[in-house]
Amino acid sequence: MSEINTPSFSEQDHHYMQRAIELAQNAEDEGEVPVGAVLVRDNEIIAEGWNRCIGAHDATAHAEIQVLRKAGEALQNYRLLDTTLYVTLEPCPMCAGALLHSRVKRIVFGAQDLKAGAAGTVLDLFESQAAYHYATVESGLMEVECREQLQAFFKRRRKEQKELKRLKREAEQKGD
């Protein structure tokens, strides 16, 4: 069974989560929801990724999936044994399933996903009887930084959309 806990994280854990936060900024710079992920084995980064759904026109192009694809290519194996994934947002059901199938040993995430979190917040695929692999799930690493990055993005996006609506209304009024 998965073990969900909030341990005291190491300096290395903080280093890799900081890298995931930097990668999430890449996503934001591309107009994507800012989520970044890093896969590590034996203190070496195997793969990095960030959300690319909009740009790739691919609903499966979440940060975790990007990392799993790159790591599989790099290692020439879909089984990513003895690896740790650092991700800024709790995995969704799709990503949790892929992580289980890929045999990632440890998943460390920053912010909880209150709408679609599948690592203990909304549901827990890692504890499911259908899980054929067991992983350690640890939450809350640099949670404030991860959550604030996401909140700032959505606040800015809502403001931009409100401004677009205002401009559209003005243009329509001028056209009358």
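Each residue takes its place number in the sequence, starting with 1. Nothing here was measured: the structure is a model prediction, and the numbers come from that model.
In this structure, the separation between CG on Leu100 and SG on Cys95 is 11.5 Å, given to the nearest 0.5 Å. Note: Arg158 CZ to Lys162 NZ = 11.0 Å, rounded to the nearest 0.5 Å. With rounding to the nearest 0.5 angstrom, the OG atom of Ser102 is 10.0 Å from the CG atom of Leu81.
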Next on the checklist: Please determine whether side-chain hydrogen bond (donor to acceptor under 3.5 Å, both in side chains) holds for the pair Asn26 and Glu22, giving the CA-CA distance in whole Å, both sets of side-chain angles, and the decisive distance to 0.1 Å.
Outcome noted: CA-CA 7 Å; Asn26 291 351; Glu22 292 166 7; over 6 Å; no
Item to check | Residues Leu167, Glu163; criterion side chain to side chain contact (heavy atoms under 4.5 Å, CB included); working and verdict | outcome: CA-CA 6 Å; Leu167 291 171; Glu163 179 64 11; 3.8 Å; yes
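Scanning all heavy atoms of the two residues, the minimum distance from Leu150 to Pro34 falls at CD2-O, 3.5 Å. Pairing each heavy atom of Cys53 with each of Ala59, the nearest pair is SG-O, 3.8 Å. Residues Ala98 and Ile65 come closest through the heavy atom pair CB-CD1, 3.6 Å. For the residue pair Ala24 and Gly36, the shortest heavy atom distance occurs at CB-N, 3.5 Å. Ala20 approaches Val38 most closely through the heavy-atom pair N-CG2, 3.8 Å. Counting all heavy atoms, side chain and backbone alike, Val35 lies closest to Ala63 at O-CB, 3.5 Å.
A donor-acceptor contact shorter than 3.5 Å links the side chain of Gln149 to the backbone of Ile21.
Note: the hydrophobic cluster containing Tyr78 does not contain Val40 (ILVMFWY, side chain heavy atoms under 4.5 Å, direct or indirect links). In the hydrophobic clustering of this structure, Ile54 does not group with Met94; members are Ile, Leu, Val, Met, Phe, Trp, Tyr whose side-chain heavy atoms approach within less than 4.5 Å, directly or through other members.
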Counting only pairs under 3.5 Å, give me each side-chain donor-acceptor contact of residues 107-120, with atom names and distances, residues two or more places apart or in other chains.
unit_1 : atom_1 : unit_2 : atom_2 : d
Asp113 : OD1    : Lys115 : N      : 3.0
Asp113 : OD1    : Ala116 : N      : 3.0

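The salt bridge (charged side-chain N to carboxylate O under 4.0 Å, His left out) analysis of residues 139-151, with sequence neighbours excluded, yields the pairs Glu143-Arg147. For residues 64-76, every residue pair satisfying the side chain to side chain donor-acceptor pair (under 3.5 Å) rule, not counting sequence neighbours, is listed here: Thr60-Arg69. Listed by first and then second residue, the salt bridge (charged side-chain N to carboxylate O under 4.0 Å, His left out) pairs involving residues 39-57 are Arg19-Glu48, Glu30-Arg52 (not counting sequence neighbours). Applying the ring pair (Phe, Tyr, Trp, His ring centres under 6.0 Å) definition to pairs two or more places apart or across chains, those involving residues 11-33 are Tyr16-Tyr86. Within the structure, salt bridge (charged side-chain N to carboxylate O under 4.0 Å, His left out) contacts touching residues 79-105 (residues at least two apart or in different chains) are Asp82-Lys105.
Among residues two or more places apart in sequence or in another chain, the side chain to side chain contact (heavy atoms under 4.5 Å, CB included) test is passed with Ala27 by Glu32, Trp50, Asn51. For Glu170, the salt bridge (charged side-chain N to carboxylate O under 4.0 Å, His left out) test picks out Arg166, with sequence neighbours left out. Scored by the side-chain hydrogen bond (donor to acceptor under 3.5 Å, both in side chains) test, His101 finds Tyr132 as partners (sequence neighbours excluded).
A 4.5 Å side-chain heavy-atom check between Arg106 and Asp13 finds at least one atom pair inside the cut-off.
Shown are Thr84, Leu80, Val87, Leu99; of these, the side-chain contact (heavy atoms from CB on, under 4.5 Å) with Leu39 is made only by Leu80.
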